[in-house]
Asks: 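Encoded as structure tokens, here's the structure I'll be asking about.
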Amino acid sequence: MRPDPLRRLRLPATLTILISIFSVIAGAVAGFIYWSTSSLPALKALEMYEPVESSLVYSADGGLLAEFYIERRNFVPHHEIPQHVKTAFVAIEDVRFYKHPGIDLKGILRAFFHDIKTMSVSQGGSTITQQLAKMLFLKPERSLKRKLKEVILSIQIEKQYTKDEILGLYLNQAYFGTRAYGIEAASQTYFGKPVKNLTAGEAALLASLPKAPSLYSPFKYPEKAKDRRDTVLGLMLNNKFITHSEYNTALNEPLPERPFFRKYEAPYFTEMLRQALEAKYNNDLYTSGLRIYTMIDLEMQKHAEEAVADGIASIEQRAEKGVQAALIVMDIKTGGIRAMVGGSDFWKNQFNRATQALRQSGSAFKPFVYLAAIERGMKADDLVLDAQVSFRGSQRGQAWSPRNYDGKYYGAVTLRKALAKSLNTATVRLADKVGVNTVIDTAQRLGIKSRLQPFLTIAIGSADLTLLEMVSAYRVFASGVYSEPLIYDRVFKRDAVIEEINAKPVEVISYEDMIEMKKLLRAVIDEGTATKAKVLNRVIYGKTGTTNDYTNAWFIGFDNRLVTGVWVGRDNNKPIGDKETGASAALPIWIEFMKKALQQTQQGQNPSDQQSPPQRQ
């Protein structure tokens with residue numbers, strides 16, 4: 001037979017089968033790769049990267065009042081992270097980081113053979129870029145599909161971003177334990193300092209944490225933390241990232257013993273601010289890295305807290321313990337709150353007695369009555385009768401007869417003397433003359449928002465009001481204008497202003513009437529119930545307030561710059577103590593604060609109302 005020329009071209013059957021199997025496997029692998037990578041997230045998302053970031057609250061002079069966060073994270077640009085901090089992470093996480101294209105084949109093989117040798121899975125081959133891809137884009141699942149996505153994403157990231165940009169993103173995203181996310185928050189939490197000030201030893205400790213933050217916590221397991229830190233330092237030395245001298249110095253650095261959790265400064269104010277901002281910004285307040293600027297003066301705040309603490313201690317030397325006090329300082333020009341104390345200890349009780357406690361205002365309410373009379377043509381030296389009088393009571397057949405504090409009556413007196421001596425009978429007669437509803441309208445026009453009952457008793461302070469309302473209204477006596485109290489004025493996001501509050505003061509009393517009211521309020525200091533304030537040797541205006549049985553004591557006063565209000569009482573509304581009046585309980589706190597505030601002003605420590613925003617950290 002003639003040989004078949006095609007026979008020599010035919011493959012053996014087994015080889016044909018093998019090729020077919022290979023083709024099927026190759027097709028399956030290609031299909032798996034396509035299926036695995038068809039849903040890769042768009043890498044452009046990195047260009048819009050906005051990490052979950054803490055919001056920061058600043059005082060008027062740029063001091064940090066508080067952080068609001070779910071994840072404590074403060075973004076810091078990669079170029080602001082010191083080189084020794086970067087190399088600490090490279091040494092322990094990915095020593096070939098600056099050489100590989102996103103995946104490290106040598107590292108994978110090294111880890112593979114190590115695991116075979118030790119019969120364990122103790123080393124991984126993930127690069128820093130792979131870890132970043134996993135943190136930003138992928139779910140924390142163990143699967144071949146996820147690993148394949150991680151590899152492809154890492155290569156793509158490396159093509160579009162520099163090594164330092166990638167490392168910066170990783171350091172800002174990593175979790176370090178103790179509720180610290182990102183390198184800046186970690187630095188603040190573990191060492192109480194910004195990342196730019198970290199030493200090599202401190203950087204090595206932080207670099208040791210992301211693998212197992214709880215296991216290597218210096219607060220829980222200091223020996224393990226030290227061993228891990230020293231391992232990082234050894235790797236830094238071996239790779240010539242630090243010198244022998246730096247290595248030896250770092251080995252002797254002590255570990256932190258406790259986390260640096262930030263407490264609020266001006267805590268009563270800050271909590272009030274947090275609630276107001278949460279109502280407006282919702283969850284963004286805790287995740288969007290807002291920068292909020294207030295008018296709080298930290299030096300004044302310190303003086304206010306000291307004055308309240310000293311005042312309570314002094315009162316409790318002559319009365320039962322359990323006394324509370326509140327103080328608010330407001331800038332007359334802007335309406336900005338400069339200091340606020342809402343009680344003796346925020347960390348024991350967060351109830352804010354400056355803004356939430358509705359308490360009878362006593363004689364501190366009387367200036368509204370006198371303003372109503374002045375606006376109807378009376379002057380400071382016009383006369384009003386201070387004599388016994390009775391009015392119809394709240395029930396049929398009953399009569400109400402107001403009495404003065406000392407039980408005496410003074411006949412015809414000037415408005416100036418009537419307010420200076422805080423004469424109840426003269427004030428009630430005046431309120432009856434102008435009309436209760438007129439008094440209510442006057443108080444509301446000056447900013448009183450609480451409900452006011454149309455009874456004559458309101459003239460001598462039966463209405464329940466907050467200290468914030470009263471201070472805000474007294475600001476009108478000082479300036480003639482009203483605007484809402486200002487608790488913050490600017491909010492930034494990513495260095496752009498997203499809210500700026502411009503107070504719009506409205507003139508609510510005329511200049512002439514304001515001058516007459518100042519004559520009356522000045523007389524309270526010169527010849528009335530607040531003569532103790534003359535110790536300041538400064539032109540002061542104000543009014544004391546005391547309620548029945550000495551349950552509430554008030555003093556609200558102002559100079560040419562600040563209006564400050566003080567309330568003293570008990571949470572159970574029981575008497576403060578015998579003869580604890582506005583003059584004896586509240587006024588001394590006011591005076592102590594004002595002494596220090598005036599010294600601060602004279603020393604030039606008072607910050608301006610408008611400060612440039614601090615640079616992003």
Side-chain angles (χ1 to χ4, degrees), residues 60 269 272-273 276 294-296 326-340 354-356 358 361 364-376 378 419 431 434-452 458-459 461 463-490 499-522 524 540-543 545 554-567 609-610:
F269 169 84
M272 175 187 72
L273 173 68
T294 73
M295 282 64 66
I296 286 290
L327 184 152
I328 293 178
V329 184
M330 187 176 291
D331 186 277
I332 292 174
K333 181 179 178 181
T334 66
I337 294 176
R338 307 293 274 176
M340 176 184 287
T355 62
Q356 295 175 297
L358 286 163
S361 53
F365 188 89
K366 288 177 181 176
F368 301 119
V369 177
Y370 287 79
L371 175 60
I374 285 171
E375 289 184 327
R376 276 143 191 83
M378 297 189 74
L419 187 63
V434 300
V436 172
N437 288 328
T438 300
V439 173
I440 290 174
D441 290 344
T442 301
Q444 290 175 336
R445 181 158 42 90
L446 270 63
I448 299 299
K449 300 182 185 299
S450 296
R451 186 178 180 185
L452 302 176
I458 196 175
D464 292 334
L465 307 173
T466 69
L467 179 60
L468 180 59
E469 286 179 286
M470 293 293 282
V471 171
S472 184
Y474 270 63
R475 178 189 164 220
V476 181
F477 292 133
S479 65
V481 301
Y482 175 80
S483 59
E484 288 290 324
L486 206 56
I487 59 175
Y488 67 97
D489 62 350
R490 292 165 295 157
E499 183 182 3
E500 188 165 15
I501 299 176
N502 295 311
K504 298 178 180 178
V506 177
E507 184 179 292
V508 293
I509 61 176
S510 69
Y511 177 78
E512 292 75 17
D513 292 342
M514 179 186 70
I515 295 301
E516 289 300 309
M517 280 303 302
K518 283 187 172 181
K519 291 177 182 177
L520 303 186
L521 294 169
R522 174 65 181 165
V524 176
I540 298 293
Y541 312 86
K543 184 69 185 77
W554 302 73
F555 184 76
I556 305 170
F558 56 90
D559 60 4
N560 64 336
R561 189 171 61 91
L562 301 174
V563 54
T564 301
V566 175
W567 166 87
D609 292 324
Q610 297 293 329

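Every value quoted in this text rests on a predicted model; they were computed, and no experiment measured them. Quick note: residue numbers are just sequence positions, from 1. All values below come from the heavy atoms of this structure, side chains included, with hydrogens, waters and symmetry mates left out.
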Asks: If you measure from CG on Leu467 to OG1 on Thr355, what distance do you get to the nearest 0.5 Å?
Replies: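 Output value for this atom pair is 9.0 Å.
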Asks: Hey, is the main chain of Gly480 close enough, under 3.5 Å, to the side chain of Glu507 for a donor-acceptor pair?
Replies: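 Here the side-chain-to-backbone pair does not exist.
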Asks: Less than 4.5 Å apart, side chain to side chain, heavy atoms only: is that true for Val563 and Phe477?
Replies: no
Asks: Would you call Asp464 and Ser450 a side-chain contact if the rule is heavy atoms closer than 4.5 Å?
Replies: no
Asks: Which heavy atom in Val508 sits nearest to a heavy atom in Glu375, and how many Å separate them?
Replies: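 Of all heavy-atom pairs spanning Val508 and Glu375, the closest is O-OE2, 4.0 Å.
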Asks: Could you tell me if the side chain of Leu358 sits less than 4.5 Å from the side chain of Thr466, heavy atoms only?
Replies: yes
Asks: Would you say the side-chain atoms of Arg522 pair up with the backbone N or O of Ile540, donor to acceptor, closer than 3.5 Å?
Replies: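 Indeed, once roles are kept as given, a pair shorter than 3.5 Å links the two residues.
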Asks: How about Met514 and Val476: do any of their side-chain heavy atoms sit closer than 4.5 Å?
Replies: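 Result no, sub-4.5 Å side-chain heavy-atom pair not found.
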Asks: If you measure from CE on Met272 to CD1 on Ile487, what distance do you get to the nearest 0.5 Å?
Replies: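 Taking CE in Met272 and CD1 in Ile487, the distance rounds to 4.5 Å.
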Asks: Looking at CZ of Phe269 and CD1 of Ile296, how far apart are the two atoms once the value is rounded to the nearest 0.5 Å?
Replies: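 If I round to the nearest 0.5 Å, the distance is 4.5 Å.
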Asks: Does the plane of the ring in Tyr474 sit parallel, tilted or perpendicular to the ring in Phe368? Use 30° and 60° as the thresholds.
Replies: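 Tyr474 vs Phe368 ring planes: perpendicular.
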Asks: Mind listing the closest non-hydrogen atom pair of Ile448 and Ala473 along with its distance?
Replies: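 Closest pair (atom of Ile448, atom of Ala473, distance): CD1-CB, 4.1 Å.
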Asks: Leu446 versus Tyr482: any side-chain heavy-atom pair under 4.5 Å?
Replies: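 Leu446 vs Tyr482: side chains apart.
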Asks: Under a 4.5 Å cut-off applied to non-hydrogen side-chain atoms, are Leu465 and Leu452 in contact?
Replies: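 SC-SC contact between Leu465 and Leu452 confirmed.
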Asks: Could you go through the side chain to side chain contact (heavy atoms under 4.5 Å, CB included) check for Tyr488 and Glu499 one step at a time?
Replies: CA-CA 10 Å; Tyr488 67 97; Glu499 183 182 3; 3.0 Å; yes
Asks: What's the separation between atom CD1 in Ile328 and atom CG in Leu468, rounded to the nearest 0.5 Å?
Replies: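 With rounding to 0.5 Å, CD1 (Ile328) is 4.5 Å from CG (Leu468).
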Asks: Provide the closest heavy-atom pair for Lys543 versus Lys366 in the form atom of the first, atom of the second, distance.
Replies: CE-CD, 4.5 Å
Asks: So Glu512 and Ile374, side chain to side chain contact (heavy atoms under 4.5 Å, CB included) or not? Walk me through it.
Replies: CA-CA 10 Å; Glu512 292 75 17; Ile374 285 171; over 6 Å; no
Asks: Minimum heavy-atom separation for Phe365 to Gly461, with atom names?
Replies: CB-CA, 4.0 Å
Asks: Can you name the closest pair of heavy atoms from Pro485 and Ser472 and give their distance?
Replies: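 For Pro485 versus Ser472, the nearest heavy atoms are CG-OG, 3.7 Å.
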Asks: If you measure from CZ on Arg490 to CD1 on Ile501, what distance do you get to the nearest 0.5 Å?
Replies: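 Answer for the CZ-CD1 pair, Arg490 versus Ile501, is 11.0 Å.
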Asks: Compare all side-chain heavy atoms of Val439 with those of Val369 and state whether any distance is below 4.5 angstrom.
Replies: yes
Asks: Please check if the side chain of Arg475 supplies one atom and the backbone of Ile332 the other of a donor-acceptor pair under 3.5 Å.
Replies: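 Indeed, once roles are kept as given, a pair shorter than 3.5 Å links the two residues.
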Asks: Taking all non-hydrogen atoms of both residues into account, name the closest pair between Leu327 and Val329 and its distance.
Replies: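 It is CD2-CG2, 3.5 Å.
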Asks: CG/Asp331 to CZ/Arg561 distance, rounded to the nearest 0.5 angstrom?
Replies: 7.5 Å
Asks: Say whether, by atom type as modelled, one donor and one acceptor occur between the side chain of Ser361 and the main chain of Ala364 under 3.5 angstrom.
Replies: no
